[in-house]
Amino acid sequence: MKSIDGEMLKKMLISGANNLYNHYPEVDALNVFPVPDGDTGINMNLTLSSGAKEISNRSDQSAGIIATIFSRGLLMGARGNSGVITSQIFRGFAQFIKEKEEINAIDLADAFVNGKDVAYKAVMRPVEGTILTVIREAAFVMQEQAKPGQSIEDSMSILLQEAKESLKRTPELLPLLKEAHVVDSGGAGLVYIIEGMLSAVEGNFIAKSEALVEEASKKALSSEEKQGYEVEFILNTSLNKESKKQFLEKRFISVLESHSMNVKVSVEGDEIKVHLETETPGHIITYAHNFGEFNMIKIQNLQKDLQKEESLDLETKKELDEYAIVATSVGKGLDQLFKDLGVTIIVSGGQTMNPSTEDFIAAIKKANAHHVFVLPNNSNIVMAASQACDVIDDDGVEAMVVPSKTILQGISATMMFNPGVSADENYMEMKNALKSVKSGSITYSIKDTEIDGIHITKNHFMEIHDGKIIGCEKSRPSALENLVASLIDENSSVATIIYGEDASEDEANKVAKKLEKRFPEVEFDIREGNQPVYAYYVGVE
């Protein structure tokens, strides 16, 4: 094949996205740190899936149009640093071929090189030994070996082979990778994408793994967020004809709960009242119909209702406020804390659920203000938030990222907001506040390993400061005490301890009392955060 049009490029991109989907758990497993939230694979997968969804129903023959639409989908769906960098690679790729109906091997190589250039520019401090290195080295060799008349198959084979070799070399560039005996996870994700693209060119389109699709559906149904459909019905079993099955209440409820969430069943004589949320309302109704006839059925799309509510909010509040703050948070306690401090809009997400660029754009628009300050509160979310601020195009709206990398930094920055001063003054004060707090966290280890000379034992509790593991203890209270003590110095006056859903106020208070004896000059503030995964967030000022 000497050239490809939009139809073939579409197959390549979707095949690449599907191949990543089939392997994203393996990419997640490459996470260097033994924390229970290694999410590079899922972030890249969700990013690519967003792009694939945009082009799946397109029939454009132009390669440039397909690449542009795919790039836009990636841009909006980008999650985490790995997802944002991936979106930038394909953004540069699309920019290079946007006017081309078909592309040959030389065009393809030049497009990937341009993707590399755009991705490097998007990162403030590029780090070698990452996905950036893999795309740079692979695209360079692809371009160097490109020649007139070369087949697309050969060109993509060169790209894939060099990407694999570059990935093998990543531990030599990043000591942490070498110490953990793994290759870079983002680079591995990119290799899977390229592998899927080449497979499609060779006539072997890669489909999504049915087993993973089923697993993802089950996870979606167990999520706490509103999604899918709200289903209500009243079933009358007295109308049970010979063709109907015998109604067994426990079995009936068990089946509903395995395919739905928030299931409520009330049985009064022959009448069964059901209320639940599900992604597959048709299956639920068909199953229930086995046991009787319906007196009433009501099905509502939850996402549509939420969108309607949001649009109504925007319609009723047309005048822009002067200021608004958007903050990322997870856990009802943290959400309430930020709201109490004056945050306008909460973007749900954190260590285990990185919000997308599109999530931030929606939040900025909903904030309805001339000047919107965005607090990512996580180092892996800063790029997606920044990308949202870059592409927001609402008239009269200026969105600025205050690059908070922890929850405690976000709290400190929010407290510095002053509605009586200019936007620039607020931005500088909020940004400066990030330096005033030392942040730490406690979570459990998912494997035995050794990092920076510290032995990590599976299921023990790690003390983390500024993204670095500084200790590991079998006892969670001991880990908390050690962490807080390590953050306190002669200038410290306040230590904030925010306990998550796996910890307790009683445990936090017991540790605080011990610390008060050691550090009588420091005030200890205990807060309920309800955050998942991380038992404690700690901040010392």
Side-chain angles (χ1 to χ4, degrees), residues 13-53 73-74 77-90 119 123 127 129-135 138 160 163-164 166-168 170-171 174 176-177 180-197 199 206-220 222-223 330 349-357 359 378-381 383-384 443 445-447 449 467 532-533:
L13 294 172
I14 295 178
S15 181
N18 289 348
N19 196 44
L20 175 63
Y21 180 91
N22 295 343
H23 294 281
Y24 78 81
E26 298 159 44
V27 177
D28 279 341
L30 291 171
N31 188 38
V32 172
F33 290 101
V35 294
D37 63 349
D39 51 9
T40 298
I42 189 65
N43 280 338
M44 291 183 73
N45 166 51
L46 291 171
T47 301
L48 266 291
S49 295
S50 179
K53 182 180 178 182
L74 260 64
R79 296 169 189 266
N81 296 338
S82 55
V84 173
I85 292 171
T86 305
S87 75
Q88 290 297 322
I89 290 171
F90 283 97
V123 180
V127 176
T130 65
I131 183 175
L132 289 170
T133 304
V134 175
I135 187 59
L160 177 60
K164 287 181 175 180
S166 178
L167 181 64
K168 289 178 186 177
T170 55
L174 271 180
L176 276 176
L177 295 176
H181 305 291
V182 294
V183 294
D184 178 65
S185 54
L190 181 63
V191 167
Y192 283 125
I193 295 167
I194 297 170
E195 187 177 64
M197 293 177 71
S199 188
I206 295 176
K208 285 184 176 181
S209 160
E210 291 184 8
L212 279 175
V213 170
E214 184 178 350
E215 183 183 346
S217 297
K218 287 179 180 178
K219 285 182 179 178
S222 64
S223 168
V330 59
Q351 292 293 123
T352 53
M353 301 173 289
N354 292 165
S356 68
T357 300
D359 291 332
N378 184 296
S379 60
N380 203 37
I381 298 176
M383 287 187 73
T443 190
S445 169
I446 60 170
K447 61 183 177 182
T449 187
V533 180

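Values in this document were obtained by computation on a predicted structure and should not be read as measured data.
Of all heavy-atom pairs between Thr443 and Val533, the closest is OG1-O, 2.9 Å. Closest approach of Ile85 to Met383, counting heavy atoms only: CG1-CE, 4.0 Å. When all heavy atoms of Thr47 and Arg79 are compared, the closest pair comes out as OG1-N, 3.2 Å. When every heavy atom of Ala119 is checked against every heavy atom of Ile89, the shortest pair comes out as CB-CG1, 3.7 Å. Residues Val330 and Pro532 share a closest heavy-atom pair of CG2-CD, 3.7 Å. Smallest separation of non-hydrogen atoms from Val183 and Leu167: CG1-O, 3.5 Å.
Taken from CD1 in Ile206 to CD in Glu195, the straight-line distance is 6.0 Å, to the nearest 0.5 Å. To the nearest 0.5 Å, the span separating OG on Ser185 from CG on Leu177 amounts to 8.0 Å. For the atom pair CG of Asn43 and CG of Leu48, the computed distance is 11.5 Å after rounding to the nearest 0.5 Å. Rounding to the nearest 0.5 Å places OG1 of Thr86 at 8.0 Å from CG of Leu20. Within the model, atoms CG of Asn22 and OH of Tyr192 stand 10.0 Å from one another, a figure rounded to the nearest 0.5 Å. Once rounded to the nearest 0.5 Å, the distance linking NZ of Lys208 with CD1 of Ile14 reads 9.5 Å.
No donor-acceptor pair closer than 3.5 Å links the side chain of Thr170 to the backbone N or O of Thr130. Using a distance-only test at 3.5 Å, with no hydrogens or angles considered, a donor-acceptor pair links the side chain of Ser87 to the main chain of Val84. The backbone N or O of Leu74 lies less than 3.5 Å from no partner atom in the side chain of Ser50, so there is not a single donor-acceptor pair. Judged by distance alone, the side chain of Asn18 and the main-chain N or O of Gly196 form no donor-acceptor pair under 3.5 Å. Formation of a donor-acceptor pair under 3.5 Å by the Asn354 side chain with backbone atoms of Ile381 is not found in this model. The backbone N or O of Ile193 lies less than 3.5 Å from no partner atom in the side chain of Asn19, so there is not a single donor-acceptor pair.
A 4.5 Å side-chain heavy-atom check between Asn380 and Asp39 finds at least one atom pair inside the cut-off. Between Thr40 and Ile131 there is no side-chain heavy-atom pair separated by less than 4.5 Å.
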key: Stepwise side chain to side chain contact (heavy atoms under 4.5 Å, CB included) check, Leu190 with Ile135   = CA-CA 8 Å; Leu190 181 63; Ile135 187 59; 3.8 Å; yes

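For Lys447, there are no salt bridge (Lys or Arg N to Asp or Glu O under 4.0 Å) partners at least two apart in sequence or on another chain.
Side-chain N/O atoms of Asp359 and Ser356 include a donor and acceptor closer than 3.5 Å.
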